[in-house]
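Here is how names work: the chains are called A, B, and so on, in the same order as the sequence lines, proteins then strands, and each is numbered from 1. Scope of the values below: all heavy atoms of this structure, side chains included, with no hydrogens, waters or symmetry mates. These numbers come from a predicted model, not from an experiment.
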Amino acid sequence: MSVELRGIVKRFGATLAVDGIDLSIKTGEFVALLGPSGSGKTTLLRIIAGLEFPDAGRLILGGEDAAHAHVGDRRIGLVFQHYALFRHMSVFENVAFGLRVKSRADRPSKAEIAERVGRLLQLVQLEQFARRFPNQLSGGQRQRVALARALAIQPRLLLLDEPFGALDAKVRKELRRWLRRLHDDMGLTSLFVTHDQQEALELADRVVVMNQGRIEQMGRPQDIYDNPATPFVFDFIGHANRFEGEVAGGRLRVGGVAVEGGPAGLSDGPVLVYVRPHHVEVTRPGAPGSLPGRIVQRLPGGAVHRLEVMSPLALQPVEIELAAAARSANGLTAGTAIGLRLREIRVFPGSAPVAPASHPPVDLVQPAHS
Amino acid sequence: MPADIVIDRPRHVTAEPSYVRRVLLLAALGYLGLFLLLPLASVYAEALAQGFAPYFAAITDPDALAAVRLTLLVAAIAVPLNAVFGVAAAWAIAKFEFRGKSFLITLIDLPFSVSPVISGLIYVLMFGAHGWFGAWLQAHDVKIIFGVSGIVLATIFVTFPFIARGLIPLMQQQGTEEEEAALVLGAGGWQTFWRVTLPNAKWGLLYGILLCNARAMGEFGAVSVVSGHIRGRTLTMPLHIELLYNEYDFVGAFAVASLLSLLALVTLALKRLLEWRFNRETTPKEAIR
């Protein structure tokens, strides 16, 4: 089912939780609402589900105005963040609930309910747990029960609120892929809320990045990753290294060093230069076009090692990712002076909103002796 | 290799030495024995002081049986009414936001903070012969004070908080997520209440009913004010016991008292059972992956 949101506004007392959201979701799409906590994404989800009513704006579900449709009439499946399973009902009864509460005319027969619930439990691979109670299940199993329960009413739209938030890393990864397959196999239309950019980028057809009740950017995951529209999106979608720079005569300089790769046609004035950790290249100190830095820490992490580098030109310690296997990675230990060459930079006009982070100047950092 | 480390006695850091534990335990048990167990035992001892025959004669006395019947009748009216209104109040307080909520909570606590005698007196002031509605009631030949209805009213007043007070924290802690899930799945308001809210609160409700019932049967002060003390007609068990005692019929008094304290023991056993069932349902069992 398609979803259209037009100018949705929701206030809670003095707080503006959702501040004029326009969004449309096509039938069959898998869309992620990505944002930090308090960005209004869960509120938006609850408005679509019918658990909150917008103060302004229009909500159109499947081509029909649904702003005042009763929550129970919308036929929307909702998976709650903490699952909200009925604690006094068995897994079977949880899944059957949506069928049992139907009016007598629409209610399937007992045998039919048993058959449908059985099929759903098979789908989520919990057939042998039908008689268990929610508190006898692991987190991942509960999550699947919640999903089966939501699917039982044959929802026209599936909403998921932080569906993997409470699970450990390994289970999360498995469930994520399984959910994506399920979405495709069943031909669902799904919208899920997450604060985990990895999850959003990996799972969704389209990512909607939200901040303070507004949409910062939406698009295909790769586009968002490659072309963040705002500093917020760049920062939120992955780790960001920030430098203060200046454009003069169309040329970009960071702390007096001319930096290549900025977009053409920059207007003069102060700018912020953003670069991803894996786009910072380590050179010998003083190499042309490189910024000065000194390694503070080397954090081994398997195939990819991280360097924490102090640079007088950066707003925070610079994070660099480097392949541990690369020959050039040898000898890069704490205390080493290096040069930083920035590639694939993004430039946003403006200066740092806050004073540069109060880290000690690079010269004062004592190399850690081993 | 490090030398063997000898730990003289493995014990938890917060555990006190054994003599401290023993002294504390003895003190607690001694106190309980002196002030609770001994008096309870004396009830049965006094009741059976002259053997079983007088005991059975005392509890099968028509007036005693009338008192038992009245007590059961009062509880049978007061407890279900308080259950219905207690659930309604707890539901409203725990699941909805509205103005005057804390005032309502305070109001529910009122019977706990007022002396039972006053609880009885307010009904005399309202419905008694010289009370606000006294003349009107007399004109319509409705007898509340010094009658069964007065006893029921006073009992409802005194025992109202038990059920609501027991349910509110439980329902608040359970939140509204399950109700929301039910609504999204297409359940109506009543279906949500009967299928989700009430079953989730059932142990708390039973617990409240149990305590409410114990108090309803044992209430003395408020009931004493409105009862009129007509032997065989308006005497509940506690009032009947007092009457017998004042007439120096000790075997009779203690025999009826033994029935009432038997009720207390049954209540305790049921309470323990409910707590056990409640904990079993709410504590997660070992998760199976």
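Remark: B:Leu185 CG to A:Arg149 CZ distance equals 5.5 Å, nearest 0.5 Å.
In the displayed structure, B:Lys95 atom NZ is contacted under 6.0 Å by more than 12 heavy atoms of other residues, nucleotides or ligands. Atom NZ of B:Lys101 is surrounded by more than 12 heavy atoms from other residues, nucleotides or ligands within 6.0 Å. For A:Arg11, the CZ atom is loosely surrounded, since the number of other residues' heavy atoms within 6.0 Å does not exceed 12. In A:Glu64, the CD atom is not crowded: 12 or fewer heavy atoms of neighbouring residues, nucleotides or ligands sit closer than 6.0 Å. Applying the 6.0 Å contact sphere to CZ of B:Phe103 captures no more than 12 heavy atoms from other residues, nucleotides or ligands. Within 6.0 Å of the CZ atom in B:Phe96, the count of heavy atoms belonging to other residues, nucleotides or ligands exceeds 12. Taking a 6.0 Å sphere around CZ of B:Phe85, one finds it holds 12 or fewer heavy atoms contributed by other residues, nucleotides or ligands. Within a 6.0 Å radius of CH2 in B:Trp194, other residues, nucleotides and ligands contribute 12 heavy atoms or fewer.
A distance-only check finds a donor-acceptor pair linking the side chain of A:His88 to the backbone of B:Arg195 [under 3.5 Å]. Checking side-chain atoms of B:Gln191 against main-chain N and O of A:Val101 turns up a donor-acceptor pair under 3.5 Å.
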- Could you go step by step and tell me if A:Phe97 and B:Val196 meet the side chain to side chain contact (heavy atoms under 4.5 Å, CB included) rule? CA-CA 10 Å; A:Phe97 186 88; B:Val196 177; 4.0 Å; yes
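Across all their heavy atoms, A:Leu85 and B:Glu178 have their closest contact at O-CD, 3.2 Å. Nearest heavy atom pair, residue B:Glu180 against residue A:Phe80, reads OE1-CE2, 3.5 Å. The two atoms that bring B:Val184 and A:Ile76 nearest to each other are CG1-O, 3.2 Å, heavy atoms only. Taking every heavy atom of both residues into account, B:Ala181 and A:Ala84 meet most closely at CB-O, 3.9 Å.
Heavy atoms of A:Arg46 lying under 4.5 Å from chain B belong exclusively to its side chain. Within the 4.5 angstrom heavy-atom criterion, no atom of A:Arg75 approaches chain B.
Taking chain B as the reference chain and counting heavy-atom pairs below 4.5 Å, the highest number among A:Val79, A:Ile153, A:Leu78, A:Leu51 is found for A:Leu51.
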